[in-house]
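The structure under discussion appears below in the form of structure tokens.
Below, each value reflects all heavy atoms present in this structure, side chains not excepted, and no hydrogens, waters or symmetry copies. Note that the numbering runs from 1 along the sequence shown for the chain.
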Amino acid sequence: MKITLTGSTGNITKPLAEILLAKGHEVKVISSNADRAEEIKALGANPLIGSVSDTGFLTNAFAGADAIYTMVPPNFAAPKFREYIKGIGENYAAAIKASGVKKVVNLSSVGADLPDGTGPIAGLHDVENTFAELNGVAVKHLRAGYFYINFLANIDMVKHANILGSNFGADANLVLVHPQNIAEVAAEALESDFTGKTVQYVASDDDSTPADVAKAIGNAVGKPELPWVEFSDKDAFNGMVGAGLPEEIAKNYVEMGDAIRSNKLFVDYYKNRPVLGNIKLKDFAIDFAEAYHS
């Protein structure tokens with residue numbers, strides 16, 4: 001197959017490209033960074049350097065593909081985060097129409113069934129709705145859980161404050177996922193003959209709580225008493241801004257944390273639980289420890 005991937009050499013796209021190339025597919029990888037071209041070539045894929053904000057570039061990049069994988073790259077400089085995400089989805093949709101692509105696997109998120117109150121995930125809800133209007137195009141949305149690797153942003157908190165926490169409690173439900181497991185599901189989806197507009201949830205661990213996360217990470221880094229601390233929304237916002245996040249992004253992440261705290265984010269997931277990936281919390285804790293001690 002001829003398959004075009006967005007996402008450069010990111011945490012999902014790189015292993016996804018490796019899986020597809022190992023199976024003999026012809027893979028093109030879109031990146032906005034020309035410095036990534038050699039890394040993409042080293043994988044055995046063809047680099048396509050350009051911006052996902054450029055519909056003409058995307059149309060040419062998608063042309064001739066049997067299937068494409070779409071994801072919205074993060075842009076922490078966006079003045080309105082939801083509008084940015086929605087806008088990239090609209091660019092993709094326009095390019096899909098113009099290029100004639102008939103099969104799309106799109107990275108979405110748990111909670112994308114909800115129209116608002118979920119921070120950046122609300123933008124992915126908009127993308128799903130935009131793709132729903134693509135006539136004659138098969139689309140599978142991969143609604144992924146909360147990335148394990150998000151916790152790597154808390155290394156300094158663990159090191160210097162001896163806590164782990166966010167604006168949701170220690171006993172909240174969490175649906176966790178490893179990017180490698182998303183890549184595996186995405187590869188299988190790209191090779192499959194699905195039709196219509198469908199949703200597939202992707203998770204690696206869905207019965208751990210934030211307290212479990214703190215315990216696993218604490219044991220891995222030599223701090224077995226590491227507690228999970230629930231912050232107020234105000235303290236969570238101020239902490240993120242103090243750590244360098246723009247206020248717009250911090251506001252969105254606080255809203256997502258509130259959706260976890262209220263337990264609304266994962267309601268639809270638990271009605272449609274998938275087969276779980278093989279990378280568990282204990283496995284990620286080892287990776288966390290390696291990054292912590294590096």
**OP:** Hey, could you give me each pair passing salt bridge (Lys or Arg N to Asp or Glu O under 4.0 Å) that has a residue in residues 255-265? Not counting sequence neighbours.
**Re:** Asp233-Arg261, Asp258-Arg261
Original post:
Taking Asn181 for the side chain and Ile279 for the main chain, is one N or O donor matched with an acceptor at less than 3.5 Å?
Top reply: yes
**OP:** Please collect all ring-ring contact (aromatic ring centres under 6.0 Å, His included) contacts where either partner lies in residues 145-200, sequence neighbours excluded, each pair once.
**Re:** Tyr146-Phe151, Tyr148-Phe284, Phe168-Trp228
Subject >> Option from Leu48, Val104, Val101 for which side-chain contact (heavy atoms from CB on, under 4.5 Å) with Phe62 holds >> reply: Val101
Original post:
Taking all non-hydrogen atoms of both residues, which atom of Val199 and which atom of Glu128 are closest, and how far apart?
Top reply: CG2-OE1, 4.4 Å
Original post:
Quick one: ring-ring contact (aromatic ring centres under 6.0 Å, His included) pairs with a partner in residues 233-274, sequence neighbours left out?
Top reply: Tyr201-Tyr269
Subject >> Worked check of side-chain contact (heavy atoms from CB on, under 4.5 Å) between Leu174 and Ser208 >> reply: CA-CA 6 Å; Leu174 282 181; Ser208 294; 5.6 Å; no
Using a 3.5 Å cut-off and no angle test, enumerate the donor-acceptor pairs between side-chain atoms of residues 86-93 and protein atoms at least two apart in sequence or in another chain.
residue, atom, partner, partner atom, Å
Asn91, ND2, Val52, O, 3.1
Tyr92, OH, Met71, O, 2.6

Subject >> Non-neighbouring partners of Asn106 that pass side-chain hydrogen bond (donor to acceptor under 3.5 Å, both in side chains), sequence neighbours left out >> reply: Thr70, His141
Subject >> Neighbour count >12 (heavy atoms, 6.0 Å) for atom NZ, Lys159 >> reply: yes
Original post:
Which is it for Leu190 and His25 under the side-chain contact (heavy atoms from CB on, under 4.5 Å) test, yes or no, and what are the steps along the way?
Top reply: CA-CA 11 Å; Leu190 286 163; His25 299 296; over 6 Å; no
**OP:** Taking all heavy atoms of Pro120 and all of Ile85, pick out the closest pair and write down the distance.
**Re:** O-CD1, 3.4 Å
Subject >> Linked hydrophobic residues, Val275 as query - side chain contacts closer than 4.5 Å >> reply: none
Subject >> Min side-chain heavy-atom separation Ser204-Leu276 under 4.5 Å >> reply: no
Original post:
Side-chain contact, heavy-atom cut-off 4.5 Å: Leu152 with Asp287?
Top reply: no
**OP:** May I ask you to decide if Gly277's main-chain N or O and Lys280's side chain share a donor-acceptor pair within less than 3.5 Å?
**Re:** yes
Subject >> Neighbour count >12 (heavy atoms, 6.0 Å) for atom NZ, Lys197 >> reply: yes
Original post:
Between Ile121 and Leu114, is any pair of side-chain heavy atoms under 4.5 Å apart?
Top reply: no
Original post:
Taking only residues two or more places apart in sequence, or in another chain, which ones meet Thr55 in a side-chain hydrogen bond (donor to acceptor under 3.5 Å, both in side chains)?
Top reply: none
Original post:
Asn154: what forms a side-chain hydrogen bond (donor to acceptor under 3.5 Å, both in side chains) with it, not counting sequence neighbours?
Top reply: none
**OP:** Could you tell me whether the side chain of Ser109 and the main chain of Gly111 form a donor-acceptor pair under 3.5 Å?
**Re:** no
Original post:
Can you check side-chain contact (heavy atoms from CB on, under 4.5 Å) on Gln200 and Glu188, steps first, answer last?
Top reply: CA-CA 12 Å; Gln200 181 174 349; Glu188 183 178 350; 5.9 Å; no
Original post:
Does Val229 belong to the same Ile/Leu/Val/Met/Phe/Trp/Tyr cluster as Leu226, with side-chain heavy atoms less than 4.5 Å apart forming each link?
Top reply: no
Subject >> Within residues 201-225 or reaching into it, pairs that qualify as salt bridge (Lys or Arg N to Asp or Glu O under 4.0 Å) - sequence neighbours excluded >> reply: Asp206-Arg273
**OP:** Rounded to the nearest 0.5 Å, what's the gap from CG on Asn46 to CD1 on Ile40? Could you check?
**Re:** 9.5 Å
Original post:
Sub-3.5 Å donor-acceptor pair from the side chain of Glu248 to the main-chain atoms of Ala78, do we have one?
Top reply: no
**OP:** Go through the structure and list residues passing side chain to side chain contact (heavy atoms under 4.5 Å, CB included) with Ala153, not counting sequence neighbours.
**Re:** none
Subject >> Note, Tyr84 side chain near Val72 side chain (heavy atom, < 4.5 Å) >> reply: yes
Subject >> Expected output: side-chain Lys97 to main-chain Asn135 donor-acceptor under 3.5 Å >> reply: no
**OP:** Answer yes if Tyr69 and Phe57 sit in the same cluster of Ile, Leu, Val, Met, Phe, Trp and Tyr residues linked by side chain heavy atoms under 4.5 Å apart, and no otherwise.
**Re:** yes
**OP:** Please assess Arg143 against Asn272 for the test side-chain contact (heavy atoms from CB on, under 4.5 Å), listing each intermediate value before the final yes or no.
**Re:** CA-CA 11 Å; Arg143 288 186 182 168; Asn272 302 278; over 6 Å; no
Identify every side-chain donor-acceptor pair in residues 12-24 under 3.5 Å, counting partners at least two apart or on other chains, and give the distances.
residue, atom, partner, partner atom, Å
Thr13, OG1, Thr6, O, 2.8
Lys14, NZ, Glu39, OE2, 3.4
Lys23, NZ, Glu191, OE1, 2.9

Original post:
If we only count heavy atoms from C-beta on, is the Ile163 to Pro227 side-chain gap below 4.5 Å?
Top reply: yes
Subject >> Shortest non-hydrogen contact from Thr9 toward Arg36 >> reply: OG1-CD, 3.4 Å
**OP:** Provide the closest heavy-atom pair for Leu58 versus Ser51 in the form atom of the first, atom of the second, distance.
**Re:** CG-O, 4.3 Å
Original post:
What are the two closest heavy atoms between Ala189 and Lys140, and how far apart are they?
Top reply: CB-CD, 3.8 Å
Original post:
Excluding sequence neighbours, so at least two apart, what forms side-chain hydrogen bond (donor to acceptor under 3.5 Å, both in side chains) with Asn238?
Top reply: none
**OP:** Grab the two heavy atoms, one from Thr59 and one from Ala98, that are nearest each other, plus how far apart they are.
**Re:** CG2-CB, 3.6 Å
